[in-house]
Amino acid sequence: MSSSDDEVWLAYLEHTRELAGQLLRTDDPYDVGLQFMGSTIEVITTGEYKYAVSMYNLWGDLTDWMELKPAEEDLAKAEMVRAAREWLALNPRDSEAVRRYFDHWLHDVFHHDES
């Protein structure tokens with residue numbers, strides 16, 4: 001990663017932490033989930049970032065859950081809050097912690113293939 005890529009990535013990580021905090025303060029986490037996805041698409045198109053696709057997939061799964069299973073909306077909202085709290089609790093510059101976070105959410109919770 002070049003120094004400008006590092007700057008973009010660090011700014012993105014800070015933005016995701018701001019979004020996670022915002023999600024904890026809102027009554028409707030769905031809109032913030034969509035903001036996670038939109039911000040992540042912008043980063044993905046600017047370069048190769050190891051966990052950006054994972055972030056996009058996670059918030060896509062969470063927002064899809066609300067859209068596709070309205071009877072489970074309260075549970076989906078609670079899981080959005082949990083995902084945001086867990087993101088805030090880790091150091092996003094600790095690649096092992098980030099890997100464990102996405103492994104849990106994408107593989108254990110949403111059952112994505114690990115390949």
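Taking 4.0 Å as the cut-off between side-chain N and carboxylate O, Glu96 and Arg99 count as a salt-bridged pair.
Taking both residues in full, the closest heavy atoms of Asp27 and Lys77 are given as O-NZ, 3.9 Å, listed atom of the first, atom of the second, then distance. For Thr16 against Phe36, the heavy-atom pair with the smallest separation is O-CZ, 3.6 Å. Looking at every heavy atom in both residues, Ser39 comes nearest to Leu19 through OG-CD1, 4.1 Å. Summarising the geometry of Leu23 relative to Ala84, their closest heavy-atom pair is CD2-CB, 3.8 Å, with the distance given to 0.1 Å. Between Arg93 and Leu10 the shortest heavy-atom distance is NE-CD2, 3.2 Å. For the residue pair Ala52 and Ile44, the shortest heavy atom distance occurs at CB-CG1, 3.6 Å.
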Go through Thr40 and Tyr12 one step at a time and tell me if the side-chain hydrogen bond (donor to acceptor under 3.5 Å, both in side chains) criterion holds.
CA-CA 8 Å; Thr40 302; Tyr12 169 73; 2.6 Å; yes
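Taking the side chain as every heavy atom from C-beta outward, Tyr101 and Leu58 approach each other to under 4.5 Å. Val81 places a side-chain heavy atom less than 4.5 Å from the side chain of Leu24. Side-chain contact between Tyr51 and Val43 is absent, with no heavy-atom pair separated by less than 4.5 Å.
For the atom pair Arg100 CZ and Trp105 CH2, the distance stands at 15.5 Å (nearest 0.5 Å). For the atom pair CG (Leu106) and CE (Met55), the distance works out to 10.0 Å, reported to the nearest 0.5 Å.
Counting non-hydrogen atoms of neighbouring residues, nucleotides and ligands closer than 6.0 angstrom, the CZ atom of Phe102 exceeds 12 such neighbours.
Thr26 places no side-chain N or O within donor-acceptor distance of the main-chain N or O of Gln22, the cut-off being under 3.5 Å. No donor-acceptor pair under 3.5 Å is formed between the side chain of Arg85 and the backbone N or O of Ala20.
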Which side-chain N or O atoms in residues 61-68 pair as donor and acceptor under 3.5 Å with protein atoms at least two apart or in another chain?
| unit_1 | atom_1 | unit_2 | atom_2 | d |
| --- | --- | --- | --- | --- |
| Asp61 | OD2 | His112 | NE2 | 2.5 |
| Thr63 | OG1 | Trp59 | O | 2.8 |
| Thr63 | OG1 | Gly60 | O | 3.2 |
| Trp65 | NE1 | Glu72 | OE1 | 2.6 |
| Glu67 | OE2 | Tyr30 | OH | 2.2 |

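Under the salt bridge (Lys or Arg N to Asp or Glu O under 4.0 Å) criterion, Arg82 pairs with Glu79, Glu86, not counting sequence neighbours.
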